[in-house]
Amino acid sequence: MNLEDLRLFAAVARAGSFSAAARALGMPKGTLSRRVAAFERYLGARMIHRTTRRLSLSEDGRRLLAAAAPLLDELEGLGEEFRSLQREPAGPLRLQVPAELLTDELARLLTGFARAYPGIAVECDHYQRSALADPDRFDLTLLVYEWALPASDWIAVPFLSLRQGVFAAPGAVREPLVSLQRLQHLPAVLPVDEPLWHFRAGRRVESVAMTPALTLDSLALRLRAAELGGGIVKAPVLLADAAVRAGRLAPVGLPREPVALSVALFYRSRALPARVRVFIDYLQTNLVASGALPGERVGDGPAP
């Protein structure tokens with residue numbers, strides 16, 4: 001199998017059209033179409049269905065792309081790594097980071113990184129936990145999770161672990177709860193699509209189905225709703241601390257501690273481009289070592 005023909009097929013499949021792929025590759029559309037057609041004849045199967053209006057992959061094409069994409073990414077990353085030895089890291093760095101989590105620290109770090117590596121153009125998208133975009137669009141995703149990482153063939157490296165607590169408006173819950181099941185009888189302010197709260201019980205995880213009073217995808221809105229008496233809320237201790245110190249929220253006494261909120265570095269290939277590797281090194285060196293997250297640890301979450 002000709003590796004270059006495989007790369008051309010993957011470029012067309014990912015771009016969704018011969019025209020777009022030809023522009024990205026810098027080659028004539030007709031040449032690209034003929035190369036892909038010859039590749040299909042060599043394989044003895046139709047990989048791409050062509051019509052006058054749209055392009056789609058056949059079942060064989062989808063299987064081939066799924067199998068070939070990691071290999072092509074590895075090779076591209078390897079080539080980028082060797083090329084980077086001859087120059088300073090440069091190019092676009094596409095990041096996907098969680099909204100409302102460590103925003104001040106990330107802003108400071110991204111600004112410092114841009115100054116340290118002026119050849120790298122940082123492009124940063126934010127997401128809510130229920131609206132994670134396709135990681136294929138990004139070089140690196142900071143993935144937020146609680147109990148376990150989602151099943152994936154991507155590489156996920158646990159990076160940060162943030163203690164969580166349960167909070168309510170002062171006086172809303174007057175006594176410590178002796179049983180987690182008592183939580184079910186309290187109105188709660190919940191994120192979208194997360195009706196269960198998870199708690200550590202030794203080496204086990206105990207889950208409690210909560211009663212939603214409000215469902216809000218924004219953590220900032222959930223904390224504010226809890227301050228106004230809308231219900232109890234689960235949140236990272238670090239992010240609730242200001243409201244607790246100001247007397248707007250109070251911790252709810254519980255017999256068990258909530259599962260920590262973890263952040264993992266999520267990426268496709270171990271052969272990372274130089275611009276991604278230097279960002280990961282910068283992040284790991286500066287985020288925790290700076291003391292910006294007192295009491296929090298790197299790699300403290302569950303293993304992927």
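Bear in mind the structure is a predicted one, so any value in this text is a computation, not a measurement. Sequence positions, counted from 1, serve as the residue numbers for this chain.
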Gap between atom [atom2] of [Y] and atom [atom1] of [X] - 0.5 Å precision:
X: Leu110; Y: Arg115; atom1: CG; atom2: CZ; value: 12.0 Å
X: Leu57; Y: Met47; atom1: CG; atom2: CE; value: 9.5 Å
X: Tyr145; Y: Leu261; atom1: OH; atom2: CG; value: 9.5 Å
X: Leu143; Y: Tyr127; atom1: CG; atom2: OH; value: 5.0 Å
X: Leu106; Y: Leu283; atom1: CG; atom2: CG; value: 7.0 Å
X: Leu183; Y: Ile232; atom1: CG; atom2: CD1; value: 5.0 Å

Distance-only, no hydrogens or angles: does the [X] side chain make a donor-acceptor pair with backbone N or O of [Y] under 3.5 Å?
X: Glu206; Y: Ala201; value: no
X: Ser207; Y: His198; value: no
X: Asp139; Y: Arg94; value: yes
X: Asn286; Y: Tyr282; value: yes
X: Ser179; Y: Gln181; value: yes
X: Ser262; Y: Glu146; value: no
X: Thr111; Y: Ala107; value: yes
X: Arg275; Y: Pro92; value: yes
X: Arg248; Y: Glu227; value: no

*asked:* Just so I know, are the side chains of Thr211 and His185 near enough to count as touching, which here means a heavy-atom distance under 4.5 Å?
replied: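 No, every pair of side-chain atoms sits at 4.5 Å or beyond.
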*Are any non-hydrogen side-chain atoms of Pro191 and Arg222 less than 4.5 angstrom apart?*
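Result yes, sub-4.5 Å side-chain heavy-atom pair found.
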*Decide yes or no on side chain to side chain contact (heavy atoms under 4.5 Å, CB included) for Phe113 and Val122, but give the supporting numbers first.*
CA-CA 9 Å; Phe113 180 79; Val122 179; 3.9 Å; yes
*Could you tell me whether Arg108 and Asp104 make a salt bridge, using a distance below 4.0 angstrom between a side-chain N and a carboxylate O?*
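Looking at Asp104 together with Arg108, the answer is no, because their closest N to O distance does not fall below 4.0 Å.
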*Side-chain ion pair, Glu40 and Arg50, N-O less than 4.0 Å*: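 A salt bridge is present here (some side-chain N lies under 4.0 Å from a carboxylate O).
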*Mind telling me whether Tyr42 and Phe39 have parallel, tilted or perpendicular rings, with 30° and 60° as the class edges?*
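Plane angle under 30°, so parallel.
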*asked:* Tell me if the CZ atom of Arg35 is crowded by more than 12 foreign heavy atoms within 6.0 Å.
replied: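 Counting neighbours around CZ of Arg35, more than 12 heavy atoms of other residues, nucleotides or ligands fall under 6.0 Å, so yes.
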*Is it true that atom CD of Glu175 has more than 12 heavy atoms of other residues, nucleotides or ligands lying nearer than 6.0 Å?*
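Not buried by this count: 12 neighbours or fewer within 6.0 Å.
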Give me the atom names and distance for the closest heavy-atom approach of [X] to [Y].
X: Ala168; Y: Val173; answer: CB-CG2, 4.2 Å
X: Leu55; Y: Gly16; answer: CB-O, 3.7 Å
X: Ala45; Y: Asp60; answer: CB-OD2, 3.7 Å
X: Val97; Y: Cys124; answer: CG2-SG, 3.5 Å

*Can you find a side-chain donor-acceptor pair between Ser58 and His49 that sits under 3.5 Å?*
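Per modelled atom types, Ser58 and His49 side chains form no pair under 3.5 Å.
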